[in-house]
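Each chain gets a letter, A, B and so on, in the order the sequences are listed, and its residues count up from 1.
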Number of protein chains: 2
Amino acid sequence: MAAPATAPLTRDRIVSAALSLTKAAGEPPSMRTLAGELSVTPGALYRHVAGQADLVALMIDEVMEHVEMPDEATEPDPWRRIRAHVHSLTKTLDAYPGLDRLIAHHGDSSNAARVRQQWTMDQLRTAGLNRRDAGRAYGALDIYWLGSRQRTQRSVATFLFGLDRLLEGLRAHSRNSSATSG
Amino acid sequence: MAAPATAPLTRDRIVSAALSLTKAAGEPPSMRTLAGELSVTPGALYRHVAGQADLVALMIDEVMEHVEMPDEATEPDPWRRIRAHVHSLTKTLDAYPGLDRLIAHHGDSSNAARVRQQWTMDQLRTAGLNRRDAGRAYGALDIYWLGSRQRTQRSVATFLFGLDRLLEGLRAHSRNSSATSG
DNA sequence: ACCTGAACACCGTTCAAGT
DNA sequence: ACCTGAACACCGTTCAAGT
């Protein structure tokens, strides 16, 4: 599988190499290290990628595209769909240590991120939350999974315990507000 | 208030200047910038501080010492004490933009952090959680406030909404487990 | 069109040498 | 004892010059 002579430098090869190095080192490579891995000069990267920030965004896109969003057939309860989705986020990021910190720094304004947000808010509305509460609930869940990736990693048990408490609180809130208007 | 001639370089002056620059710039200064602000050469800093990581730890210590931990006289309900404490964390960090990210990266293994952890777990146990659940609940709260500081800042309303849902879920959990053993 | 080589303006850290 | 000056080994990014 050795590349014959010199494979053409493309955006995909750059992103792929960056992710591979991240996986191996536990943190994203510098532009210079990345260039070296691709047997190229640092300046060459800038013909295919606008800069480090752009590259980071592409890496995040690539990884986050594989997060699960179960449908009603697979999982009839919307709360369990949300739980599976958030759990999937952490499992996905476990494969690329250091990428979670990049997401925290850089944010994620990709299309995929907007799709995930819309999907989550749809589930929350299906579960009975009004539009304002669904927006806030999405924010709270986003805060929670992101926080779980920072600092010294917490145990999975702690993460799931808190996630279940948060979902339970949201469900109770949804019951109360629908009771008020019923 | 101009310093006469040359004030002696001390650890306190270094930490104080670093925090002041962080407040002004929205992000922590480099060692070189910090040295320049103190009218000194970068190497001089290393006589008083082990390095950048050490300095960051000292900055975190200094700031986090002012987080509120209300007592029973001020606030009789343990859940409200916890809520006030977590809210105080965010208010404290609002004064030093950029420091929250440092905490996420660096962690906080100071004595003050251990005191806060112990205090929070005491409140949770008072509120009825057993030791294991109190540990996990502390972890979940830690995840939540830390996550709220990352990326583009969420609104206060979203933060408080999620915090209240999480606390509600924890309270419900404590009621269920005490009912089981009662 | 694409890449190299070299430069610019930065980093954190160390340490002989000065005072 | 404390600080300076200079160096070492890095960064991200730009851009004339080569092919």
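Computed from coordinates, the B:Leu38 CG to D:dT4 P distance equals 11 Å when rounded to whole Å. We find that NE2 of A:His48 is positioned 11 Å from P of C:dT4, with the value rounded to whole Å. Here the P atom of nucleotide D:dC11 and the CE atom of A:Met31 are 12 Å apart, to the nearest Å. Straight-line distance from the OH atom of A:Tyr46 to the P atom of C:dA6: 19 Å, rounded to whole Å. Rounded to an integer number of Å, the gap from A:Arg32 CZ to C:dC11 P is 15 Å. Atoms CG (A:Leu45) and C1' (C:dC2) sit 13 Å apart, rounded to a whole Å. Atom-to-atom, CZ of B:Arg11 to P of D:dA1 comes out at 18 Å; the value is rounded to the nearest Å. B:Leu34 places its CG atom 16 Å from the C1' atom of C:dC10, with the value rounded to the nearest Å.
Base engagement by B:Thr41 is indicated by at least one non-hydrogen atom pair under 4.0 Å involving a base atom. Heavy atoms of A:Thr10 sit nowhere under 4.0 angstrom from any nucleic acid atom.
Classification of the A:Phe161-B:His173 ring pair by plane angle, with boundaries at 30° and 60°, yields perpendicular.
The side chain of A:Gln52 approaches D:dT13 more closely than any other nucleotide in the set C:dC11, D:dT4, D:dT13. Distances from the side chain of A:Leu9 to the nucleotides C:dC3, D:dC11, D:dT4 place C:dC3 closest. Listed nucleotides C:dG12, D:dG5, C:dC3 differ in distance to A:Arg47; the shortest reach to its side chain belongs to C:dC3. In the set C:dC3, D:dC3, C:dG12, the nucleotide with an atom closest to the side chain of B:Val40 is D:dC3.
Listed pair A:Ser39 / C:dC3 fails the phosphate criterion, with no side-chain N or O lying under 4.0 Å from OP1 or OP2.
Of all nucleotides present, none satisfies the Watson-Crick or G-U wobble test against D:dA17 with each distance under 3.5 Å. Across all strands shown, D:dG12 is found opposite C:dC8 as a Watson-Crick or G-U wobble partner, with both distances under 3.5 Å.
Results of the side-chain hydrogen bond (donor to acceptor under 3.5 Å, both in side chains) test with B:His105 over A:His105, A:Arg101, A:Gln150 single out A:His105 as the only residue that passes.
Ion pairing between a basic and an acidic side chain is recognised when a charged N comes within 4.0 Å of a carboxylate O; A:Asp133 and A:Arg125 show no such pairing.
Between C:dA9 and D:dC10, the two C1' atoms lie 13 Å apart (nearest whole Å).
More than 12 heavy atoms of other residues, nucleotides or ligands lie within 6.0 Å of CD in A:Glu75, so this atom counts as buried by the packing criterion.
When all heavy atoms are compared, the tightest approach of A:Thr92 to A:His66 is OG1-O, 4.3 Å.
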